[in-house]
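Every number for a ligand or one of its atoms is a count from 1 in the order of the listing. Heavy-atom basis, side chains included; hydrogens, waters and symmetry copies ignored. Values in this document were obtained by computation on a predicted structure and should not be read as measured data.
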Amino acid sequence: MENLRKTYGKSDAVSEVSFDVQQGETFVLLGPNGAGKSTTIEILEGLRVRTSGDVRVLGHDPQQLSRDFKSRIGIVQQSAGDLGRLSVRDIVTHFASLYPNPRSIDEVIAAVGLEGKASEPVKKLSGGQAHRVDVALGLIGNPEVLFLDEPTTGFDPEVRRAFWEVIRGLQNEGMTIMLTTHYLDEAEELGHRGGVIVDGKLVALGNIEELGGKESRTPVVTWTENGEEQNHKTTSPAWFIGELSQRLQAEPQNLQIRVPSLETVYLELVNQHRGANHAD
Ligand code: ADP
């Protein structure tokens, strides 16, 4: 994707966004509400028409909506809850019939951990279970690229972890996944590479563990000296602590080494860039 731009009315929702996603990779798009994540994802899915820029997914321009393109991508939408009385197996079977080369129905139901619920009406499932049906529907067409837009919003921690296992299974199969999420731990757990969008612009791009630049993940040593908290950023914390102990002639008090988390780096990026783009 090169120089993607989407304008609603007079304002740019997304501009100058460029990134590539490799086959088999899970790419995570992060950003605050209104940053332009859904707009970007929906353009990639072929659900929105871009204003300008080059976009290719599996060699196709998504907005042409060719049959080949549609059969090779999977979109997880929040829909199963609306399908009421039908059983999990009925719904998955129905969706399978819409694709030229579907996956095995039982395999997909098992992949999302619903073997025991296959004959249950969807309306009797819990929210988390119903969402797994959504994932099953995204998978049944045997997609090469799976789109997951905030897939675990509203899940309790246990259900989220079960969902992550489902995704890891798909990653092991080599599926390419495009994910948006508000949960930084989810991005760290599942993402290989990612980007941060703020006010419609991509402000960071790279491997998840290096987002924001290696510098931003430099460890920080903190300790208490004369009753006050001190801190020092260093790439060699062990060496620094040795020096510090020598200087203090004692073990430093309340000594800690902290490596800034993705969350810390993300919040810094957002604060640094939010509002800045409005100036132009
Ligand atoms: P995110 O998914 O990161 O929350 P969106 O892509 O939904 O962000 O929105 C990006 C910006 O575009 C926001 O300012 C939003 O208000 C605006 N926007 C999104 N969809 C429309 C639309 N259909 N019409 C007008 N403005 C829109």
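Residue-environment remark: CD (Glu173) exceeds the threshold of 12 foreign heavy atoms within 6.0 Å.
We find that Asp12 and Arg5 are joined by a salt bridge, their nearest charged nitrogen and carboxylate oxygen being less than 4.0 Å apart.
Listed as neighbours of ligand 1 are Tyr8, Ala13, Pro32, Asn33, Gly34, Ala35, Gly36, Lys37, Ser38, Thr39, Arg48, each bearing a heavy atom under 4.0 Å from the ligand.
Remark: Ala118 engages Arg89, Ile109 in a side-chain contact (heavy atoms from CB on, under 4.5 Å) (not counting sequence neighbours).
Between the side chains of Ser261 and Tyr266, no donor-acceptor pair of N or O atoms lies under 3.5 Å.
As a member of the Ile/Leu/Val/Met/Phe/Trp/Tyr network built from side-chain separations under 4.5 Å, Val49 groups with nothing else and remains a singleton.
For residues 183-194, the set of pairs meeting the side-chain hydrogen bond (donor to acceptor under 3.5 Å, both in side chains) definition, not counting sequence neighbours, comprises Glu25-Arg193, Thr152-Glu186, Arg160-Asp185, Trp164-Glu186, Arg168-Glu189, Thr181-Glu186.
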